[in-house]
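First the structure, in the form of structure tokens, and then the observations on it.
Scope of the values below: all heavy atoms of this structure, side chains included, with no hydrogens, waters or symmetry mates.
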Amino acid sequence: MTVHIKTPAMGESIAEATVAKWLVNEGDMVQMDQLIAELETDKVNLEVTAPAAGKLTKIITPKGSTVKVGQLMGEVDET
């Protein structure tokens, strides 16, 4: 089953962030809650964790992309 990686909530006044870096690559195995990406805003830096254990099958928002809260960033295949 495919599980979506979405941009986490960033605080009341912050609506978007920049993908600073991915800490894993497409095809890598990840564990649930493993740190997989970092986001930057002018106010705060955020960590994105894997929503499930499995293989990171797709990175939709590469490094340098601007993302909004709840935006799809990637996919993990649990099977």
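Inter-residue side-chain proximity for Trp22 and Thr61 is flagged as met; some heavy-atom pair is nearer than 4.5 Å. Taking the side chain as every heavy atom from C-beta outward, Ile5 and Val76 approach each other to under 4.5 Å. Proximity of Pro51 to Asp33: side-chain heavy atoms (C-beta onward) are nowhere separated by under 4.5 Å. Considering only heavy atoms from C-beta on, Ile36 stays 4.5 Å or farther from Gln31 through its side chain. Between Thr7 and Val48, every side-chain heavy-atom pair lies at or beyond the 4.5 Å cut-off. You'll find the side chain of Val44 reaches within 4.5 Å of the side chain of Ile14, heavy atoms only. Glu47 is listed as a side-chain neighbour of Leu35, based on a closest heavy-atom distance under 4.5 Å. Side chains of Thr49 and Gln34 form no contact here, defined as non-hydrogen atoms less than 4.5 Å apart.
Separating the CD atom in Gln71 from the NE2 atom in His4 is a distance of 12.5 Å, to the nearest 0.5 Å. Expressed to the nearest 0.5 Å, how far CD of Glu26 lies from OG1 of Thr57 amounts to 7.5 Å. Taken to the nearest 0.5 Å, the CD1 atom of Ile60 stands 3.5 Å off from the CG atom of Leu72. Put simply, CG on Leu39 and NZ on Lys21 are 12.0 Å apart, with the number rounded to the nearest 0.5 Å. Atoms CD and CD1, on Glu75 and Ile59 in that order, are 11.5 Å from each other to the nearest 0.5 Å.
In this structure a side-chain-to-backbone donor-acceptor pair under 3.5 Å is present from Thr41 to Lys43.
Taking every heavy atom of both residues into account, Pro62 and Val19 meet most closely at O-CB, 3.7 Å. When all heavy atoms are compared, the tightest approach of Ala52 to Val3 is CB-CG2, 3.9 Å.
Met29 and Val24 are assigned to two separate hydrophobic clusters, defined by single-linkage of ILVMFWY side chains at heavy-atom distances under 4.5 Å.
Sorted by first then second residue, the salt bridge (Lys or Arg N to Asp or Glu O under 4.0 Å) pairs that include residues 52-68, not counting sequence neighbours, are Glu16-Lys68.
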